[in-house]
Structure formats: C-alpha cells, structure tokens
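Comments concern the structure below.
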Amino acid sequence: MEKILFIINPIAGKKSGINIHQKIIRYLDTDIFKPYFKYSEYPGHISEMAKQALKEKYKAIIAVGGDGTVNETARVLVHSNIPMGIIPSGSGNGLARHLKIPLSVKGAVELINKMQTLQMDAIRMNNMYSFCVVGIGFDAQVSRMFQKMEARGLFSYIIACLRCFNRSKNQNFIVQTKQKEHLLNGFMLCFANASQFGNNAYIAPGADVSDGIIDLVLVKKPSFIQIPLFAYKILTGTVESHSLYYRIKGKAFDITQENDFAHLDGEPATVGTKFTVTVEEKALRVIC
C-alpha cells in the first residue's frame with residue numbers, strides 16, 4: 001500500500017481537528033493507501049513535519065487546515081515530485097475553493113483517492129512563497145490584526161476588516177516591470193496566483209494557477225457609499241469592471257511601498273519597503 005501523511009492543524013478556522021482523522025479513515029480507500037497522521041503543535045511545526053516527510057517516501061502529503069496550513073506545507077514541497085492534497089478546514093480556504101476542492105472531508109478525501117494532480121505555479125516574494133494571493137496595504141493590515149484575535153472564522157475576519165478600514169488610506173506604490181515603471185496610488189496592492197482571497201471573495205477573476213502569470217491588482221479605497229457595490233462585485237467575480245480596480249499582468253515585479261509588511265496567503269510577514277515578486281512556473285504538484 002502507498003503511504004499518505006495527513007498534517008493536521010487542530011485549530012484551523014472555527015473547527016477542531018482533534019477527531020478529523022476518524023472521518024479521513026472512513027472515506028479513504030485503505031485498500032490502496034495507508035494513512036499516517038501528525039498534528040501541528042507550534043508555529044513552524046507544519047513545515048518541520050513536511051520536511052521530515054520528504055525523506056520518508058510518502059505517496060502524498062495532505063494539508064488539513066486553512067490557507068496558512070496549505071502554505072506551510074506547500075513551500076516545503078515546491079520543486080519536489082511529492083503531490084500535496086488539501087482537506088480545507090480554515091476560515092477562507094482560498095486555494096481549495098479556487099481549485100474546486102470540496103469543503104467537506106468526505107468530498108476532499110474522495111478526491112485524494114483518485115490522486116489526479118495539477119502542476120501549479122508559485123509566487124515568490126523575496127525568499128518566501130505564496131500559492132494563492134500576496135497583498136500589501138489594507139489586506140496586509142487586516143491579516144496582522146486577524147492573527148492577534150482570539151476567535152477565528154469569517155465573523156472575526158469581518159471585524160478585523162472594519163477596524164482596519166478606518167485606519168487605512170491610499171498609499172503610493174512604485175511597480176517596476178521589464179517594460180516600464182508604474183507609479184500607482186491605492187488602498188492595497190495584491191499579487192494573485194489564484195482568483196480569490198477565500199470565502200469566494202474574488203480579487204482576480206480569471207486568474208489561472210498554471211498560466212505562468214501573476215495578476216497584479218491595485219484597489220483604491222472606496223468611500224462608504226461605494227462599499228456595497230464594490231463588495232457585491234468582489235463576491236460575484238465582476239470586480240474588474242469597477243472604477244476603483246486596476247490590473248497588470250506579468251511574470252516579475254520590483255515593488256516599492258511606504259510600509260514594510262505584507263501577507264502571504266493570509267499570513268502576515270515583514271518584507272521591507274522594497275522587494276521583488278516573481279512567478280515560478282509549474283512549481284507544485286497539487287491533488288485537485
């Protein structure tokens with residue numbers, strides 16, 4: 001039988017992962033696969049377990065958690081031949097939703113049983129990886145606040161957004177591509193590999209994780225009057241038509257920002273006021 005490792009984040013989202021292994025065993029094809037389970041216990045533990053798993057010849061490594069869990073697992077598996085699976089149990093589950101991975105344990109495990117894989121791109125920001133969306137500006141501030149909140153889930157994320165909205169303002173960004181320099185002013189600047197942040201909030205409708213292209217998106221700060229329409233367009237995948245929205249496609253960007261922080265797949269990081277964003281094509285095998 002083929003060995004599969006399930007790396008479980010027991011505190012992802014609002015759900016407890018303590019008994020999730022029982023559901024996995026119930027739906028996994030145990031005539032083909034032999035499951036092993038490991039639980040994360042501290043920050044960075046997921047990547048440590050994934051690195052060890054690379055040496056132990058697993059058929060696949062499955063991230064059980066949210067986008068942070070997926071990122072910690074995937075950045076270890078980049079440019080390896082070991083596929084990553086996802087059982088989404090986080091607050092947003094952006095990459096899983098983009099890849100149309102079922103949000104139920106049953107559906108996600110049944111997909112793993114089929115073991116069909118896609119070679120997807122990765123975004124590299126300096127020496128850090130993202131697989132869904134990187135952001136600076138407003139959404140980076142939200143990720144920092146959300147990380148400090150005791151309660152997880154969509155409601156807490158909305159509270160973080162509302163608190164950060166009043167504090168945030170448009171800032172200047174310098175974006176250098178191979179072709180030209182762009183002087184931009186906006187509320188937030190995102191680098192999208194996938195189409196959405198999570199919870200079906202589409203920041204880059206039409207983005208393709210396997211096209212070798214980064215969708216750079218600039219959003220200007222909406223007024224309170226503009227918020228309802230803008231939110232509607234984000235949730236319906238029609239935001240490209242809004243006057244506050246601007247997009248550039250490319251493979252590499254040199255960025256200058258006024259702050260020094262960002263988020264990678266929802267996890268806050270310090271990147272400095274100047275940094276480089278590039279795409280690494282077909283960097284990760286993912287079960288989908």
Do S241 and K233 pass the side chain to side chain donor-acceptor pair (under 3.5 Å) test, and can you show the C-alpha distance, the side-chain angles, and the key distance before you say yes or no? CA-CA 8 Å; S241 64; K233 285 184 170 290; 2.8 Å; yes
Are the side chain of S210 and the backbone N or O of Q119 linked by a donor-acceptor pair below 3.5 Å? yes
Listed partners of K59 passing salt bridge (Lys or Arg N to Asp or Glu O under 4.0 Å), at least two apart: none
Please name all residues satisfying salt bridge (Lys or Arg N to Asp or Glu O under 4.0 Å) with D121, sequence neighbours left out, ordered by chain then number. none
Which residues pass the side chain to side chain donor-acceptor pair (under 3.5 Å) test with K51, not counting sequence neighbours? none
Please indicate whether I225 has more than 12 foreign heavy atoms, meaning atoms of other residues, nucleotides or ligands, lying under 6.0 Å from its CD1. no
Are Y245 and H242 close enough that their ring centres sit under 6.0 Å apart? no
Side chain to side chain donor-acceptor pair (under 3.5 Å) with E56: which residues, sequence neighbours excluded? Q52, Y58
Determine yes or no for a side-chain-to-main-chain donor-acceptor pair under 3.5 angstrom, with N193 supplying the side chain and F131 the backbone. yes
In the hydrophobic clustering that connects Ile, Leu, Val, Met, Phe, Trp and Tyr at side-chain heavy-atom distances below 4.5 Å, which members other than L264 occupy its cluster, ordered by chain and number? I123, M125, M128, V134, I136, F173, V175, L184, L189, F191, I214, L216, L218, Y246, I248, F253, I255, V271, F275, V277, V279
Polar contact flag, side-chain donor to acceptor under 3.5 angstrom, D260-T273: no
For Q147, enumerate each residue passing the side chain to side chain donor-acceptor pair (under 3.5 Å) test, keeping only those at least two apart in sequence or located in another chain. none
Could you work out, with side chain to side chain donor-acceptor pair (under 3.5 Å) as the rule, every residue matching D67, not counting sequence neighbours? none
For Y202, what are the other residues in its hydrophobic cluster, where any two members join if their side-chain heavy atoms are less than 4.5 angstrom apart? none
Who pairs with N185 by side chain to side chain contact (heavy atoms under 4.5 Å, CB included), at least two apart in sequence or on another chain? N170, N172, K220
In short, salt bridge (charged side-chain N to carboxylate O under 4.0 Å, His left out) pairs touching residues 278-288 with sequence neighbours left out are R124-E280, K251-E281
Check whether the ring centres of F165 and F224 lie less than 6.0 Å apart, and answer yes or no. yes
Test side-chain contact (heavy atoms from CB on, under 4.5 Å) on I87 and I112; report intermediate values, then the result. CA-CA 9 Å; I87 297 180; I112 291 165; 4.0 Å; yes
Considering only Ile, Leu, Val, Met, Phe, Trp and Tyr, and joining two whenever side-chain heavy atoms are under 4.5 Å apart, list the other residues clustered with I174. L183
Apply side-chain contact (heavy atoms from CB on, under 4.5 Å) to M188 and V142, showing your working. CA-CA 11 Å; M188 64 181 182; V142 171; over 6 Å; no
Indicate yes or no for a side-chain donor-acceptor contact from S143 to the backbone of A140 under 3.5 Å, with no hydrogens or angles considered. yes
Quick one: side chains of residues 104-111, donor-acceptor pairs under 3.5 Å with protein atoms, not counting sequence neighbours, listed by atom name and distance.
from, atom 1, to, atom 2, distance (Å)
S104, OG, G107, N, 3.0
K106, NZ, E110, OE2, 2.8

